[in-house]
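Structure, as C-alpha cells:
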Amino acid sequence: MILKIIYRNLLYKPLNALLSLLLLALSVAIISLLLVTGRQINQKLDNDLKDIDLVVGAKGSPLQLVLSAVYHVDAPTGNINEQKLLELTDNPMVEKVYPLSYGDSYRGYRILGTDTSYISLYGGTLASGRLFAADMEVVVGATVAARTGLKTGSVFHGTHGEAEAGEAHEHADYKVCGVLLPTGTVLDNLILSTTNSVWLIHHPAHHDEGNEKEAEAGHDHETAHDHENEAKHNTTGNRPENAAEAAPEKEITAALIKFRSPLGIMTMPRMINAQTNMQAAVPALEINRLLNLMGVGIAALQGIAAAIMLIAGLSVFVSLYNRLKERRYEHALMRSMGSSRGFIFNLLVAEGILLSAFGFLFGMALSRLGISLLNQVAKKDFRFTFASGFVQQEVWLLGITLLIGIIAAAIPAAKAYKLNIAKTLSDG
Amino acid sequence: MVETKAISYKYPGGRLIPYPDLSVQTGEALLIIGQSGCGKTTLLHLLGGLLVPTGGQIAIKGQDITRLGAKELDKFRGKHIGFIFQRSHFVQSLTVLENIELAAYFAGIPQNTNRLKSIAGELGISGLLHKRPAQLSQGEQQRASIARAIAHQPQVVLADEPTSSLDDSRASTVATLLQQLCAQHGAALITVTHDARLKALFKNQVLLS
C-alpha cells in the first residue's frame with residue numbers, strides 16, 4: 001500500500017517526476033561513463049606498457065612515437081637505421097631490445113615485423129600452430145583471427161599503409177603459421193612476422209639496388225684512386241647475401257628497450273636525443289602527459305556531472321516541497337486515519353529514494369548505451385572495446401545518488417512530520 | 001461507548017473553553033449544534049485525539065485517550081475512530097476505492113473488498129470507485145467520505161459539518177445515510193454542525209454555546 005501511494009503520487013505529477021528523473025539519470029550516466037571508461041583506459045594503457053622503458057624511433061613527436069610503437073594507434077614517425085640502433089644499444093645497461101618494423105596492414109590490422117620475444121613480452125601463447133620461424137610466416141593475434149577469419153595455414157597479401165583498402169602487395173604472400181590466444185593487450189590486434197619479412201615486401205629488389213649503388217660508388221672511387229678495390233666490390237656485388245648483411249641502409253621503424261638498471265633510463269634518452277638523428281621517448285612520461293591533458297577534460301566533465309547531480313537533487317527537493325502545500329491535507333487525513341508522524345516522514349523520504357533509485361537505473365542504462373555507442377567508434381579507430389561490466393565505484397555512485405534523494409526529501413519530510421493536523425483540517 | 005468528563009481546551013494565548021459532558025452509546029447518534037467559532041471542531045478533534053485536552057477525560061471503549069502516548073493515540077485513532085470532514089479530503093493520486101481501502105490499511109485490519117463494495121452500494125457510489133476523488137461532485141465526495149469513515153469498522157464516527165456544502169435534499173440524504181450506516185455497522189456517531197437543517201433528523205442533540 002505504501003509503495004502504491006508513493007508511485008501513484010510520483011505519477012500524479014509526471015512532469016515533475018520526469019524532470020528530476022532525467023537530471024538524475026544524466027548525471028549518473030556521465031559519472032558512470034567516466035568511471036568505466038577512465039578505469040579501462042588507464043588499465044589498457046598500463047597493460048600495453050608492460051616493462052618497456054624506452055622507445056626509440058625517428059625524430060618527431062614523442063607522443064606520436066609512443067602511440068605508434070607501443071599502442072599501435074598512430075602512424076610511425078619515420079624509420080631509423082637498424083645498425084646504428086644496435087651499436088647504441090650494445091650497452092650493459094640495456095637488457096633487451098625489441099625491434100619493430102611496420103607500415104603494412106591486412107584489412108586494417110597492422111603487420112608488425114619483430115622477433116618472437118615481442119610475443120613473450122605480452123605473455124602471448126599460441127592457440128594453434130607455431131611461432132614464426134622463417135620469413136613471410138606470420139602469427140596472428142586473437143582479435144585479428146576472430147575478425148578476419150585468418151587461421152593457421154591461411155595465405156594473404158598485405159596492403160600498403162594502414163587503411164583497410166590500400167594498395168595490395170600482390171607479389172608476396174604471407175602464410176599464417178600460428179594463432180595466439182587473447183591476451184587483453186595490443187598483441188590481440190597485430191599480425192606478427194619477422195623483421196625481414198616486412199623488409200622483403202618493401203624492398204624486393206633491394207639487394208640489387210644496393211649493390212648497384214655500392215658498385216657505382218665503388219666505380220667512382222675506382223676512377224678516382226683505387227684499382228685494387230674494384231675486384232672486391234664486384235665480388236660483393238655477385239654475392240647478395242653478404243651485401244644485405246653489410247647494407248647500411250637496412251631500416252626498422254622503431255625499437256622498444258628494456259633496461260637492466262634504472263641508470264639507463266636516466267642517461268640513454270638524453271644521449272640518443274642529443275647525439276643521434278634518432279629520438280628516444282619514455283612511454284611512461286608521454287602517457288602521463290597525455291593523461292594529464294585528458295585529465296583537464298575529464299575534470300570538466302566530472303564537474304558538469306556533479307553540477308547536474310546537484311540540480312537533480314534540487315529538482316527533487318523543489319517538486320516535493322512545492323507539492324507539500326497541496327498535499328498537507330492528504331497528510332493530515334492520513335494522520336487522522338491513524339498513521340504516525342514517522343509514517344508521513346518515511347513516505348516523503350521514500351519518494352525521494354524511489355526517484356533517485358530510478359534515476360540511477362536509467363542513468364546506468366544510459367551509460368551502457370553510451371559505452372556501446374563509444375565502442376562502435378573505438379572499435380574502428382583504436383581496435384579497442386570497453387567492457388560494459390560494473391565497476392566497484394558504481395556502488396558508491398548508487399549510494400551517493402540515493403543519499404541525494406534522501407537529503408532532497410528530508411526538508412519536505414521534516415515539514416510534513418511537524419504538520420499540525422487539527423489546524424490543517426480546520427483550515428480546510 | 002464515548003464518555004467525556006469535564007474536558008476543556010485552551011489554545012495558546014486563547015481563553016479556556018469548557019465543554020459539557022457527553023455520553024454516546026454504540027449505534028447511537030448525537031448532534032452537537034453551535035454557532036461558528038464556539039469550538040465545535042475543536043471538540044471533535046479532542047474526541048478524535050487530534051488534539052489533547054487541557055483538562056478532563058475522554059473515554060472511548062473504556063480507554064481514556066488523554067492518557068495515551070502520541071504513537072498509541074495514532075494507533076487507537078486508526079483502529080477505532082472514523083472521521084468525516086467538512087470539506088472532504090482524499091489522497092488525490094489514489095482512486096476512490098483505494099482511498100476507502102486506506103482506512104483498513106491504517107487500522108491494520110485485512111482488506112475486505114466485498115464489504116467495501118456493499119457499503120459503496122448502500123451509499124450509491126458503486127460506479128465511482130475507480131474514479132479519482134477530484135472527478136466526483138461534492139455530494140459524491142461526501143458519500144465516499146462516509147464509506148471511508150466506516151470502512152474499518154470503527155467504534156466511533158466523528159463528523160464535522162458533513163452537510164454544510166450540500167443543498168437541502170442532498171444534505172438530508174447524506175445525514176440520513178450517515179446515521180443509518182453507523183447504526184448498521186455498530187458505530188457511535190457524533191456530528192457537530194451549525195446546519196439547522198439537521199436538527200429535525202437527529203434525536204439526541206446538545207447545544208454548544
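So that the names make sense, note that chain A is the first sequence line, chain B the second, and so on, each numbered from 1.
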Check your understanding: Is Arg67(B) atom CZ crowded by more than 12 heavy atoms from other residues, nucleotides or ligands, each under 6.0 Å away?
Key -> no
Revision key, fill the gap. One should read off an interatomic distance between Lys13(A) NZ and Gln92(B) CD, to the nearest 0.5 angstrom, of 10.0 Å
Practice item. State, yes or no, whether a side-chain contact exists between His45(B) and Ile421(A) at a heavy-atom distance under 4.5 Å. Key: no
Study note, to complete from the structure: So, the part of Ile2(A) with a heavy atom under 4.5 Å from chain B: the answer is both
**Study point:** Heavy-atom side-chain contact between Met1(A) and Glu101(B) under 4.5 Å
**Key:** yes
Review point. Under a 4.5 Å heavy-atom cut-off, does chain A meet the side chain of Glu98(B), its backbone, both or neither?
Key: both
Check your understanding: Nearest heavy-atom pair of Ser93(B) and Ile5(A): which atoms, and what distance?
Key -> OG-O, 4.4 Å
Study note, to complete from the structure: One should read off an interatomic distance between His89(B) NE2 and Met334(A) CE, to the nearest 0.5 angstrom, of 12.5 Å
Review point. Heavy atoms, side chains only, cut-off 4.5 Å: are Lys4(A) and Tyr105(B) in contact?
Key: no
**Study point:** Contact check, side chains of Leu333(A) and Arg148(B), non-hydrogen atoms, under 4.5 Å
**Key:** yes
Review point. Considering residues, nucleotides and ligands other than Gln392(A), do more than 12 of their heavy atoms fall under 6.0 Å from its CD?
Key: no
Check your understanding: When only pairs under 4.5 Å are counted, which of Leu73(B), Leu51(B), Leu94(B) shares the most heavy-atom pairs with chain A?
Key -> Leu94(B)
Practice item. With a 4.5 angstrom heavy-atom cut-off, could you sort out which part of Arg335(A) is near chain B: side chain, backbone, both or neither? Key: both
Revision key, fill the gap. d(Leu50(B) CG, Lys423(A) NZ) to nearest 0.5 Å is 14.5 Å
Point to revise | OH (Tyr321(A)) with more than 12 external heavy atoms under 6.0 Å | key: no
Check your understanding: Does Phe85(B) have its ring centroid less than 6.0 Å away from the ring centroid of Tyr329(A)?
Key -> no
Review point. Does OH belonging to Tyr71(A) count more than 12 external heavy atoms closer than 6.0 Å?
Key: yes
Point to revise | CZ (Arg368(A)) with more than 12 external heavy atoms under 6.0 Å | key: yes
Practice item. Check whether more than 12 heavy atoms from other residues, nucleotides or ligands sit under 6.0 Å from atom CD of Gln184(B), and answer yes or no. Key: yes
Point to revise | Heavy-atom closest contact (Asp74(B) atom, Ser340(A) atom, distance) | key: OD2-CA, 3.3 Å
Point to revise | NZ/Lys199(B): more than 12 non-hydrogen atoms of other groups inside 6.0 Å | key: no
Check your understanding: Of the backbone (N, CA, C, O) and the side chain (C-beta and beyond), which part of Phe76(B) lies under 4.5 Å from a heavy atom of chain A, both, or neither?
Key -> neither
